[in-house]
Amino acid sequence: NWGYDPVNFNVPEGSYSTDPYHGEVRVKEMKQMIQGLHKNGISVILDVVYNHVYDGETFCFNRIVPEYFSRTHNGHYSNGSGCGNDTASERSMVHKYIVDSVKYWADEYHIDGFRFDLVGLIDVDTINELVSAVRAKHPNVIFYGEGWSMATEMTKPDVAMATQHNAYMTPNFAYFSDTLRDVLRGYVFDDHAYGYVAGAQGQEELVKACFMGHPAWCPSPTQTINYASCHDNMSLFDRLTLSTPDATFADRVRMNNLAAGIYLLSQGVPFMQAGEEILRSKPLPGGGFEHNSYCSPDSVNSIKWNDLSKAEYAATADYYRGLIAFRKAHPTLRLTTAEAVREQVHALEGLPENVVGFHLRGSVDDPAKSILVLYNANRVPVTVQLPKGRWNLCISDQTAGAAPLLTIEGGVSVAPISATVLTLESLVTTVQIPELKVEKKKLPLLLGAAAAVTAALGGAAALIKHLTKKK
């Protein structure tokens, strides 16, 4: 069990303790674990589940003051959580307890961040106060959660909940972007629906919005958690396997890496499921894949480390490592305000269907003064004319990293189902475009997507529009 059965919120889970029946052993060993992780440069984020308790009727606070800690209506517990009860965070003493509890974990255990399960069941006032209280002493602690809108029965009128759509009311709290997740891999509740990386049409504008850190609900890039898979639902590779039955294994690996190339380079906060970088799978004994493995055995939940001995799995891990290195090397990919994104990140127009591109003007502390990011979800290559200059190719379909792979002038071919990223050490302010012919070919795309275009002039025209601006 993943521990979503809270009974005593301020006590460490005992499953990993050498002696869970003595509380002091749990406490000491958890502190030693966190200390050891910190010594090795690893921060610790605590997954907290304040939105419900294991059993509403027997929960200690409800035994002291019946039905106070939980939301009830005519004696029945509200069940927006799907776990039998919802916490009444809008009540003053429940609000205080949650704030005090989070402060306790930050102060006593030196926790570096808090991930809130179903935070859409908690009110915005509670969230804002606990963030302020913790950051008064620990300014670098991060906060994020699942901001889904849940059907819960409030005990007071006019209470705003900490959901995605109320993100503007919790400016220092981030939310998982199911917008990006679904546009990349397909609608979450239809295992056979496919997304942009598998050739779904009409997704370009959503990809652009998510790359720039502002899906419709998100006012700031610091408030979007960008991801393609987590512990819930199918792993990324399992979902690709189910939704693309006619694709080859190699093409699914390309789709996986394209998804990573999008969310790991987008404005916002990247998040990945452990093992995604080695094509993590959760196979069921009788066939198929597990989408809800909270109580599954190790045969399902374990990370299959032996897969690293296979070339295609090791290459995928290297690709992820390179994407992360590139992101860390370029502050322009980590802008913190919507205004900065508007000034420095520009989506390219005039590209073929299923091709998305961006020009980023480098920040003062960025070694690159111009960055071009190109995504091609088609099953055929697309050629894009580059602005004048010697461009450093850092990310291609096979290799990724902060160091240049080679230098390119003129045009670049973006391989099928892949990302291409180039940098320039000087800011592009003018573009000289020779007369070029546009070659249009009707080419099959994965799963029946529309015709692709070899976009020499189209790409050049897009770059003219956005690269001729003075800094």
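Hydrogens, waters and symmetry mates play no part in the numbers below; they use all other heavy atoms, side chains included.
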Handout entry: Criterion side chain to side chain contact (heavy atoms under 4.5 Å, CB included) on Arg91 and Thr155, from CA distance to verdict
Key = CA-CA 8 Å; Arg91 286 179 166 146; Thr155 64; 3.5 Å; yes
Handout entry: Test log, rule side chain to side chain contact (heavy atoms under 4.5 Å, CB included), inputs Leu422 and Ile371
Key = CA-CA 6 Å; Leu422 308 101; Ile371 302 174; over 6 Å; no
Exercise for the section: Report the C-alpha distance between Phe143 and Phe114 in whole Å, list the side-chain angles of each, state the deciding distance to 0.1 Å, and finish with yes or no for ring-ring contact (aromatic ring centres under 6.0 Å, His included). Expected result: CA-CA 5 Å; Phe143 295 89; Phe114 294 87; 5.7 Å; yes
Handout entry: Tyr68 vs Met93, side chain to side chain contact (heavy atoms under 4.5 Å, CB included): CA-CA, chis, key distance, verdict
Key = CA-CA 9 Å; Tyr68 182 82; Met93 293 308 293; 3.6 Å; yes
Handout entry: Check against side-chain hydrogen bond (donor to acceptor under 3.5 Å, both in side chains), Glu29 and Thr18
Key = CA-CA 8 Å; Glu29 290 179 347; Thr18 59; 2.4 Å; yes
Exercise for the section: Go through the steps for His192 and Ser243 under the test side-chain hydrogen bond (donor to acceptor under 3.5 Å, both in side chains), then give the verdict. Expected result: CA-CA 4 Å; His192 300 285; Ser243 62; over 6 Å; no
Exercise for the section: Starting from the C-alpha separation in whole Å, work towards a yes-or-no answer on salt bridge (charged side-chain N to carboxylate O under 4.0 Å, His left out) for Lys31 and Glu108. Expected result: CA-CA 9 Å; Lys31 289 183 176 181; Glu108 190 69 19; 2.6 Å; yes
Handout entry: Audit row: Arg115, Tyr144, side-chain hydrogen bond (donor to acceptor under 3.5 Å, both in side chains) steps and yes/no
Key = CA-CA 5 Å; Arg115 179 265 190 199; Tyr144 64 99; 5.6 Å; no
Exercise for the section: Show your reasoning for whether side-chain hydrogen bond (donor to acceptor under 3.5 Å, both in side chains) applies to Ser296 and Asn301. Expected result: CA-CA 7 Å; Ser296 298; Asn301 273 321; 4.7 Å; no
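With no hydrogens or angles considered, a side-chain donor-acceptor pair links Ser220 and Thr222 at under 3.5 Å. For the residue pair Tyr320/Asn256, the side-chain donor-acceptor check at 3.5 Å is satisfied. Looking only at atom types and distance, the side chain of Ser363 has a donor-acceptor partner in the side chain of Gln344 under 3.5 Å away. For the residue pair Ser78 / Asp86, a side-chain donor-acceptor distance below 3.5 Å is found, with atom types taken as modelled.
Relative ring orientation between Phe59 and Phe9 is described as perpendicular, the plane-to-plane angle rising above 60° on a 0-90° scale split at 30° and 60°. Relative orientation of the Tyr50 and Phe116 rings is tilted, given thresholds of 30° and 60° on the angle between their planes. The aromatic rings of Phe249 and Tyr313 are tilted relative to each other, their planes meeting at an angle between 30° and 60°.
With a 6.0 Å radius and a threshold of 12 heavy atoms from other residues, nucleotides or ligands, Met33 has its CE atom above the threshold. Within 6.0 Å of CD in Glu312 there are more than 12 heavy atoms belonging to other residues, nucleotides or ligands. A 6.0 Å sphere centred on NE2 of His138 holds more than 12 heavy atoms belonging to other residues, nucleotides or ligands. Crowding of His38 atom NE2: a count of heavy atoms from other residues, nucleotides or ligands under 6.0 Å exceeding 12.
No side-chain heavy atom of Leu372 sits under 4.5 Å from any side-chain heavy atom of Phe358. Annotation: side chain of Glu277 is not in contact with side chain of Thr316 (no heavy-atom distance under 4.5 Å). Inter-residue side-chain proximity for Asn51 and Asp117 is flagged as met; some heavy-atom pair is nearer than 4.5 Å. For the pair Ile417 and Asn378, the minimum side-chain heavy-atom distance is 4.5 Å or more. The shortest side-chain heavy-atom distance between Glu57 and Asn62 does not fall under the 4.5 Å cut-off. Within the 4.5 Å cutoff, side-chain heavy atoms of Phe326 are placed close to those of Ile395.
Judged as a ring pair (Phe, Tyr, Trp, His ring centres under 6.0 Å), and not counting sequence neighbours, Phe289 has no contacts.
Of the charged side-chain nitrogens involved, at least one lies within less than 4.0 Å of a carboxylate oxygen, so that Lys310 and Asp307 count as a salt-bridged pair. Salt bridge annotation for Glu129-Lys96: absent, with no cationic side-chain nitrogen under 4.0 angstrom from a carboxylate oxygen. A salt bridge links Glu90 to Arg71: at least one charged side-chain nitrogen sits closer than 4.0 Å to a carboxylate oxygen. Look at Lys282 and Asp238 and you find no salt bridge, because none of the NZ, NE, NH1 or NH2 atoms lies under 4.0 Å from a carboxylate O. A salt bridge is absent between Arg342 and Glu339: the closest approach of a Lys/Arg side-chain nitrogen to an acidic carboxylate oxygen does not fall below 4.0 angstrom.
Residue pairs meeting the side chain to side chain donor-acceptor pair (under 3.5 Å) criterion with at least one partner in residues 160-169, sequence neighbours excluded, are Gln164-Asp178.
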